[in-house]
Amino acid sequence: MKRIFATPTTANLELTEICNVKCSHCYNPWREESMGSISLEEEKLKIVFNRLAEAQVFHVVLTGGEPFSKFNTLLIAMEMANKNGMSVSVNSNLMLANDKKIKQLVALGLDHILTSLPSVDPSTTDSIMKKVGAFDQIMKGIKTAVRNNVRVSVNMVVTRETKNQVYEAGKLV
């Protein structure tokens, strides 16, 4: 059976530009110039979710910046998606995740998080993300999500420095 959709089935919604790291491969290198001044607040979220519902979008990817950095906004977005019958996933570096936050998101229907692991080498990850301890925080976040029954997908931006680590990264995760 051939099915034709009249609108996009999925929308990516950047909740905030705030991020807790400064990855060298970030698609948003100008973010630091306005860090914190651009975030969706409740009134704008209502408008966006109403429009998404009108367009019959049935899945929303909540992203950022780092969506956990504006956790209350993330919760509100999850609630609005639920109200409109949309499934939700989150893109996060998981460095700000903890059991309490993950449990709150699971209670609102979250079952999937996409995260990134730049390298299997902790010092390389820390260098790429420009944050000491990034590797350990990501790994802790992954374990926290999995422990709370959230499916985690891990991607890796492959660079000249990390191109020979792809297989090892797959084995690690």
Side-chain angles (χ1 to χ4, degrees), residues 7-23 25-28 31 35-118 125-126 128-129 131 133-157 169-170 172-173:
T7 62
T9 59
T10 302
N12 287 358
L13 182 57
E14 185 172 308
L15 297 177
T16 181
E17 66 179 352
I18 296 172
C19 192
N20 55 321
V21 290
K22 298 175 184 170
C23 299
H25 60 268
C26 183
Y27 64 88
N28 224 347
R31 180 174 282 140
M35 185 66 77
S37 64
I38 302 172
S39 293
L40 286 174
E41 300 304 332
E42 190 167 354
E43 287 307 310
K44 293 240 183 194
L45 279 172
K46 285 179 186 175
I47 294 167
V48 170
F49 274 98
N50 286 337
R51 288 185 181 164
L52 292 174
E54 287 170 8
Q56 300 177 338
V57 169
F58 57 84
H59 182 79
V60 178
V61 180
L62 301 174
T63 186
E66 172 50 49
F68 276 75
S69 67
K70 295 281 281 189
F71 192 71
N72 287 336
T73 302
L74 178 57
L75 292 175
I76 291 166
M78 290 284 303
E79 290 168 356
M80 289 182 185
N82 284 339
K83 178 183 163 198
N84 287 290
M86 298 170 192
S87 62
V88 179
S89 59
V90 173
N91 291 357
S92 167
N93 61 39
L94 284 173
M95 295 169 65
L96 302 175
N98 59 40
D99 283 308
K100 180 181 177 185
K101 289 178 180 178
I102 295 291
K103 286 178 182 180
Q104 287 177 280
L105 295 172
V106 167
L108 292 169
L110 180 70
D111 70 348
H112 180 248
I113 294 175
L114 171 67
T115 194
S116 292
L117 185 66
T125 294
D126 293 359
I128 290 170
M129 297 183 88
K131 180 156 179 84
F135 178 88
D136 293 333
Q137 288 177 310
I138 293 167
M139 295 306 293
K140 182 180 175 186
I142 291 170
K143 290 174 185 174
T144 299
V146 170
R147 180 174 57 248
N148 286 285
N149 299 314
V150 175
R151 184 171 43 96
V152 178
S153 298
V154 180
N155 68 12
M156 177 181 180
V157 174
L172 175 65
V173 297

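Computed over heavy atoms, backbone and side chain alike; hydrogens, waters and symmetry mates excluded.
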Side chain to side chain, [X] and [Y], heavy atoms closer than 4.5 Å:
{"X": "V60", "Y": "N84", "answer": "no"}
{"X": "L172", "Y": "V154", "answer": "no"}
{"X": "V106", "Y": "N149", "answer": "no"}
{"X": "E41", "Y": "K70", "answer": "yes"}
{"X": "M80", "Y": "E42", "answer": "yes"}
{"X": "N93", "Y": "M129", "answer": "yes"}

Partners meeting side chain to side chain donor-acceptor pair (under 3.5 Å) with [X] (sequence neighbours left out):
{"X": "S116", "result": "N155"}
{"X": "S92", "result": "E66"}
{"X": "S153", "result": "H112"}

Determine, stepwise, if the pair L45 / L15 fulfils side chain to side chain contact (heavy atoms under 4.5 Å, CB included).
CA-CA 9 Å; L45 279 172; L15 297 177; 3.9 Å; yes

Hey, mind stepping through M139 and L117 against side chain to side chain contact (heavy atoms under 4.5 Å, CB included) and telling me if it holds?
CA-CA 9 Å; M139 295 306 293; L117 185 66; 4.3 Å; yes

Taking all heavy atoms of P118 and all of T125, pick out the closest pair and write down the distance.
CD-CG2, 3.8 Å

Just to verify, which of V90, V152, N91 counts as forming a side-chain contact (heavy atoms from CB on, under 4.5 Å) with L114?
N91

What distance do [X] atom [atom1] and [Y] atom [atom2] have between them, rounded to the nearest 0.5 Å?
{"X": "T10", "Y": "L52", "atom1": "OG1", "atom2": "CG", "result": "10.5 Å"}
{"X": "L105", "Y": "L108", "atom1": "CG", "atom2": "CG", "result": "6.5 Å"}
{"X": "Q137", "Y": "T144", "atom1": "CD", "atom2": "OG1", "result": "11.0 Å"}
{"X": "L110", "Y": "M78", "atom1": "CG", "atom2": "CE", "result": "5.0 Å"}
{"X": "Q56", "Y": "T9", "atom1": "CD", "atom2": "OG1", "result": "12.0 Å"}

Could you walk me through whether L13 and L40 pass the side chain to side chain contact (heavy atoms under 4.5 Å, CB included) check?
CA-CA 9 Å; L13 182 57; L40 286 174; 3.5 Å; yes

Kindly state each residue pair satisfying ring-ring contact (aromatic ring centres under 6.0 Å, His included) with at least one member in residues 44-87, sequence neighbours excluded.
F68-F71

Who are the side chain to side chain contact (heavy atoms under 4.5 Å, CB included) partners of D136, not counting sequence neighbours?
none

Mind listing the side-chain donor-acceptor pairs of residues 94-102 below 3.5 Å, one per line with the distance, residues two or more places apart or on another chain?
{"unit_1": "N98", "atom_1": "OD1", "unit_2": "K100", "atom_2": "N", "d": "3.1"}
{"unit_1": "N98", "atom_1": "OD1", "unit_2": "K101", "atom_2": "N", "d": "2.8"}
{"unit_1": "D99", "atom_1": "OD1", "unit_2": "R147", "atom_2": "NE", "d": "3.3"}
{"unit_1": "D99", "atom_1": "OD1", "unit_2": "R147", "atom_2": "NH2", "d": "3.2"}
{"unit_1": "D99", "atom_1": "OD1", "unit_2": "N148", "atom_2": "ND2", "d": "2.7"}
{"unit_1": "D99", "atom_1": "OD2", "unit_2": "R147", "atom_2": "NH2", "d": "3.2"}

Check the surroundings of atom CD in Q104: do more than 12 heavy atoms from other residues, nucleotides or ligands lie under 6.0 Å from it?
yes

Evaluation steps, salt bridge (Lys or Arg N to Asp or Glu O under 4.0 Å), between R51 and E54:
CA-CA 5 Å; R51 288 185 181 164; E54 287 170 8; 5.9 Å; no

